[in-house]
A.B. asks: 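The structure that follows is given in the form of structure tokens.
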Amino acid sequence: MKAIILAAGRGQRLSQVHQGPKCLLHFNGRSLLERHLKNLNENGVGEITIVVGYEREKIISALPATNDYTIRLVVNPRYELGSIVSLETATETLVSGEEIILMDADVLYDSRMIEILISSEKPNCALLDRAFIDGEEPVKICLDRDKIVHFGKTIPNDTKYDKIGESVGFFKFSASMAIRLAENVKHHCSHHSGIEPHEKILGELFLRHQESFSVEDVTGLPWIEIDFPEDTIRAEKEILPQIE
């Protein structure tokens, strides 16, 4: 099993409180990136690809010296565009013929989430939190009779669903599905501008292969995606005490 961490973006909305890549935000002396690497290693992931871009030198200098697992850096020189370009940059890992864990880098979370995702018997799945605050920012997963019928920030009015939750931003793909994902990303990037988020192509994949995808419900486990200055405050005061 291999992992891909998307960490190329600028994180402009945090510029008032943090200068540099979001994955280097520190909480109780440890960066988000350090926490990702530790959690993946403890759950048996042997190779971790990190897609870097904005101020990548800072990320490189922060990487631990270790023989416990392999860190593979790939550079997205077009990091100012959408995260779909970062995913395309990781194509070699996606088509490696192994199971893939795909992660956003800007999440502080309970380590049990990674354990649940990796140990899941479902070969293709996303993590779902039903206890979320609705709004424009959360990426929603809608299910109807346990099938994903929508994945995205805005839900079309005609969508019929019996369960809804927020995507944590962590996914597992079988080797064959990861190859399909890589093919779809390549096709999309060759025909479009590249400004789209990678969630767009994931949503298309989920709907096209509806029978193959499912979710793991992690409602009740603490986590937060860090996009705004107020998120760092909540992470420090509310989430961190629950996970440490």
Side-chain angles (χ1 to χ4, degrees), residues 2-11 13-14 21-25 27 31-33 35-37 39-40 43 45 48-53 76 79 82-87 89-90 93-94 100-118 120 122 124-143 148 150-154 164-173 177-178 181 185 196-206 213-228 231-232 234-235 239 243:
K2 298 182 179 181
I4 298 171
I5 301 175
L6 301 179
R10 182 185 291 273
R13 294 180 293 189
L14 281 175
K22 283 201 286 184
C23 68
L24 297 184
L25 276 163
F27 296 94
S31 70
L32 295 177
L33 180 60
R35 292 169 183 272
H36 297 325
L37 297 176
N39 291 336
L40 290 167
N43 283 280
V45 178
I48 302 169
T49 295
I50 307 172
V51 183
V52 298
N76 173 13
Y79 61 84
S83 54
I84 195 168
V85 180
S86 288
L87 193 53
T89 307
T93 301
L94 287 173
I100 300 296
I101 299 296
L102 176 64
M103 305 174 63
D104 292 338
D106 57 351
V107 182
L108 179 67
Y109 58 97
D110 191 306
S111 62
R112 286 173 289 179
M113 288 186 169
I114 291 297
E115 181 181 352
I116 289 170
L117 184 63
I118 289 177
S120 173
K122 304 165 184 175
N124 302 289
C125 63
L127 295 186
L128 172 85
D129 183 0
R130 290 179 288 104
F132 75 105
I133 300 173
D134 199 0
E136 295 181 358
E137 282 298 317
V139 175
K140 293 95 174 171
I141 303 176
C142 298
L143 298 104
I148 297 176
H150 173 74
F151 180 84
K153 291 186 176 182
T154 303
I164 184 173
E166 182 177 0
S167 169
V168 176
F170 298 168
F171 311 90
K172 182 172 74 169
F173 301 97
M177 192 61 72
L181 174 59
V185 168
E196 301 83 6
H198 67 288
E199 287 89 359
K200 175 178 175 55
I201 207 72
L202 292 181
E204 293 173 359
L205 189 73
F206 295 160
F213 279 97
S214 189
V215 300
E216 288 289 353
D217 193 329
V218 294
T219 303
L221 293 180
W223 70 283
I224 185 171
E225 180 182 7
I226 300 173
D227 288 322
F228 301 97
D231 294 334
T232 63
R234 183 174 169 229
I239 305 301
I243 65 176

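Note that this is a predicted model, so its numbers are computed, not measured.
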A.B. asks: Work out which heavy atom in Ile141 is nearest to a heavy atom in Leu127; give both atom names and the distance.
C.D. replies: CD1-O, 4.0 Å
A.B. asks: Write down the atom of Asn43, the atom of Asn39, and the distance for their closest heavy-atom approach.
C.D. replies: ND2-O, 2.8 Å
A.B. asks: Can any side-chain N or O of Thr219 pair as donor or acceptor with the backbone N or O of Arg130 at less than 3.5 Å?
C.D. replies: yes
A.B. asks: So do the side chains of Leu87 and Leu102 get within less than 4.5 Å of each other, counting heavy atoms only?
C.D. replies: yes
A.B. asks: By side chain to side chain donor-acceptor pair (under 3.5 Å), which residues pair with Ser86, not counting sequence neighbours?
C.D. replies: Asn76
A.B. asks: Of all heavy-atom pairs between Pro197 and Ser83, which one has the smallest distance, and what is that distance?
C.D. replies: CA-OG, 3.4 Å
A.B. asks: Start with the C-alpha distance between Leu205 and Phe213, add both sets of side-chain angles, then the distance that settles side-chain contact (heavy atoms from CB on, under 4.5 Å), and finish with yes or no.
C.D. replies: CA-CA 9 Å; Leu205 189 73; Phe213 279 97; 3.7 Å; yes
A.B. asks: Looking at every heavy atom in both Phe27 and Ala235, which two are closest together, and how far apart are they?
C.D. replies: CE2-CB, 3.6 Å
A.B. asks: Let's go through Ile50 and Leu37 carefully: what are the C-alpha distance in whole Å and the side-chain angles of both, what is the deciding distance for side-chain contact (heavy atoms from CB on, under 4.5 Å) to 0.1 Å, and is it a yes or a no?
C.D. replies: CA-CA 10 Å; Ile50 307 172; Leu37 297 176; 4.3 Å; yes
A.B. asks: I'd like to know if the side chain of Lys172 reaches the main chain of Ser120, judged simply by a donor and an acceptor atom lying under 3.5 Å from each other, with no hydrogens or angles considered.
C.D. replies: yes
A.B. asks: Which pair of non-hydrogen atoms, one from Cys125 and one from Leu117, has the smallest distance, and what is that distance?
C.D. replies: SG-CD1, 3.7 Å
A.B. asks: List the steps, then state whether side-chain contact (heavy atoms from CB on, under 4.5 Å) holds for Leu128 with Leu143.
C.D. replies: CA-CA 10 Å; Leu128 172 85; Leu143 298 104; 4.0 Å; yes
A.B. asks: Test of understanding: with side-chain contact (heavy atoms from CB on, under 4.5 Å), list the residues that count as partners of Arg112, not counting sequence neighbours.
C.D. replies: Asp110, Glu115, Leu221
A.B. asks: Go through the structure and list residues passing ring pair (Phe, Tyr, Trp, His ring centres under 6.0 Å) with His198, not counting sequence neighbours.
C.D. replies: none
A.B. asks: Testing Val107, Asp104, Asp231 for side chain to side chain contact (heavy atoms under 4.5 Å, CB included) with Ile226, which one passes?
C.D. replies: Asp231
A.B. asks: Classify the angle between the aromatic ring planes of Tyr109 and His36 as parallel (below 30°), tilted (30 to 60°) or perpendicular (above 60°).
C.D. replies: parallel
A.B. asks: Using atom types as modelled and distance alone, determine if a side-chain donor or acceptor of Lys140 lies under 3.5 Å from a backbone N or O of Lys153.
C.D. replies: yes
A.B. asks: List in chain and number order the residues that pass side-chain contact (heavy atoms from CB on, under 4.5 Å) with Arg234, two or more places apart in sequence or in another chain; answer none if no residue qualifies.
C.D. replies: Ile224, Glu238, Ile239
A.B. asks: Could you walk me through whether Val85 and Tyr79 pass side-chain contact (heavy atoms from CB on, under 4.5 Å), step by step?
C.D. replies: CA-CA 7 Å; Val85 180; Tyr79 61 84; over 6 Å; no
A.B. asks: Heavy-atom distance under 4.5 Å between the side chains of Leu108 and Arg35, does that happen here?
C.D. replies: yes
A.B. asks: Quick one, Ile243 and Trp223 - any side-chain contact, counting heavy atoms below 4.5 Å?
C.D. replies: no
A.B. asks: Do you know which two heavy atoms are closest between Cys23 and Ser31, and how far apart they sit?
C.D. replies: O-CB, 3.7 Å
A.B. asks: Return the set of residues passing side chain to side chain donor-acceptor pair (under 3.5 Å) with Lys122 (not counting sequence neighbours), or none when no residue passes.
C.D. replies: none
A.B. asks: Any side-chain heavy-atom pair from Ile164 and Asp134 closer than 4.5 angstrom?
C.D. replies: no
A.B. asks: Taking ring pair (Phe, Tyr, Trp, His ring centres under 6.0 Å) as the definition, give me every residue that meets it alongside Phe173, ordered by chain and number, with sequence neighbours left out.
C.D. replies: none
